[in-house]
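Below: one structure, written as structure tokens.
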Amino acid sequence: MEGVPRPGAAAKVRRPAARTVHAAELTTRRLDLVPLRVEHAGEMALVLGDPVLHAFIGGAPLSADALRARYARLASGSPDPAVVWCNWVLRLRGDGRLVGTAQATVTPARDTAELAWVIATPWQGRGFATEAARAVTAWLAELPVGRLIAHIHPDHHASAAVATACGFAPTAHREDGEIRWEHRPPAPPNG
């Protein structure tokens, strides 16, 4: 019958094809999440330049030139056509300063996305990471993506708090010394 869903139809949610996913501009109360561009490298080199920031995320601050090369690789997209890289810079509303990044590596065939967030040292403790991570989590749930993953160092309590606030829970799985956190957003309503 027309207009009457088939039994089990509600359980069948269409997942996006990899080629249809790309970082959209997202907004929160205090932030604009702007898709990453190579032009952001100069300012982001300053934003991410504090060596203390790298205690849990590893590595060392990159120069503007090195970050420009990295952003060019990220902006060109994943070399794996089944994987999509979505990267944002976090811009404060009002004064327009960049305060961090958020990213999601989306694998539609696996119905997963791996999330990460970084907030510059002077801007930490103000809820910006939670605000950005919630925006990305909500955007991914709308695609829809069925399982969200974050890898968090066991001693990084602030990042664990962000994950918890976004509905993630720690699992027993460890990867490179980090705990895998997972979140399964509810399926979007059929409409």
Side-chain angles (χ1 to χ4, degrees), residues 23 26 28-75 78 83 85-93 95-107 112-140 147-183:
L26 306 173
T28 70
R29 185 173 62 83
R30 299 179 297 166
L31 299 170
D32 290 319
L33 282 71
V34 179
L36 179 85
R37 295 188 318 268
V38 174
E39 295 80 28
H40 294 125
E43 186 175 354
M44 288 305 297
L46 298 172
V47 170
L48 302 175
D50 184 355
V52 172
L53 183 62
H54 298 267
F56 292 115
I57 63 174
L62 297 177
S63 69
D65 287 339
L67 204 53
R68 198 169 289 109
R70 176 179 168 80
Y71 285 4
R73 285 190 307 276
L74 292 173
S78 170
V83 175
W85 293 339
C86 298
N87 295 279
W88 296 267
V89 292
L90 311 179
R91 184 176 301 284
L92 274 182
R93 291 227 174 124
D95 71 7
R97 288 184 184 179
L98 297 181
V99 297
T101 63
Q103 62 188 64
T105 300
V106 184
T107 310
T112 64
E114 293 193 36
L115 280 69
W117 47 84
V118 176
I119 300 296
T121 307
W123 300 100
Q124 292 178 0
R126 300 181 192 191
F128 292 126
T130 299
E131 202 169 311
R134 281 182 173 157
V136 173
T137 298
W139 178 75
L140 290 165
R147 182 172 64 137
L148 308 180
I149 298 169
H151 293 94
I152 300 172
H153 189 282
D155 295 329
H156 199 326
H157 304 294
S159 213
V162 170
T164 300
C166 293
F168 287 76
T171 69
H173 183 81
R174 302 291 186 271
E175 187 172 319
D176 295 329
E178 295 182 321
I179 299 169
R180 176 188 288 170
W181 289 62
E182 292 189 10
H183 173 51

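Predicted model, so just to flag it, every value in this text is computed and none were measured.
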Distance-only donor-acceptor pairs under 3.5 Å for side chains of residues 165-177, two or more places apart:
unit_1, atom_1, unit_2, atom_2, d
T171, OG1, H173, N, 3.2
T171, OG1, R180, O, 2.7
H173, NE2, R180, NH2, 3.4
R174, NH1, T171, O, 3.0
R174, NH1, A172, O, 3.2

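Note that the OH atom of Y71 and the OG1 atom of T101 stand 6.0 Å from one another [nearest 0.5 Å]. The distance from atom CD of E182 to atom OG1 of T112, rounded to the nearest 0.5 Å, is 9.5 Å. Remark: L31 CG to L26 CG distance equals 10.5 Å, nearest 0.5 Å. One distance of note links CG of L36 with CZ of R70; it measures 9.0 Å at 0.5 Å rounding. Once rounded to the nearest 0.5 Å, the distance linking CE of M44 with CG of L62 reads 11.0 Å. Interatomic distance, CG of N87 versus CG of L74, reported as 4.5 Å (0.5 Å rounding).
Here the closest non-hydrogen pair linking A160 and W181 is CB-CZ2, 3.5 Å. Smallest separation of non-hydrogen atoms from D32 and R93: OD1-NE, 3.0 Å. Contact record, V106 with C86: CG2-SG, 4.3 Å, taken as the closest heavy-atom pair. Nearest approach of P61 to G49, heavy atoms of both residues: CG-O, 3.3 Å. Listed here is the closest heavy atom pair of V47 and V99: CG1-C, 3.8 Å. Contact detail for L33 and A132: the closest heavy-atom pair is CD2-O, 3.9 Å.
Every side-chain contact (heavy atoms from CB on, under 4.5 Å) that A116 has, sequence neighbours left out, goes to Q103. Take S159 and apply the side-chain contact (heavy atoms from CB on, under 4.5 Å) test, not counting sequence neighbours, and it matches W117, I152, H156.
Contacts classified as salt bridge (charged side-chain N to carboxylate O under 4.0 Å, His left out) and involving residues 55-67 (residues at least two apart or in different chains) are given here: D65-R68. Within the structure, the side chain to side chain donor-acceptor pair (under 3.5 Å) test picks out the following pairs touching residues 44-64 (sequence neighbours left out): D50-T121. Every pair passing side chain to side chain donor-acceptor pair (under 3.5 Å) that includes a residue from residues 128-138 is listed here, sequence neighbours excluded: T28-E131, R30-E131.
Annotation: side chain of R147 is in contact with side chain of I149 (closest heavy-atom distance under 4.5 Å).
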Could you check L92 against W123 for side chain to side chain contact (heavy atoms under 4.5 Å, CB included), going step by step and ending with a plain yes or no?
CA-CA 10 Å; L92 274 182; W123 300 100; 3.5 Å; yes
Begin from the C-alpha positions of E114 and H151 and carry the test side chain to side chain contact (heavy atoms under 4.5 Å, CB included) through to its verdict.
CA-CA 8 Å; E114 293 193 36; H151 293 94; 3.2 Å; yes
After noting the C-alpha distance and the side-chain angles of L53 and V118, does the key distance pass the side chain to side chain contact (heavy atoms under 4.5 Å, CB included) rule?
CA-CA 8 Å; L53 183 62; V118 176; 3.9 Å; yes
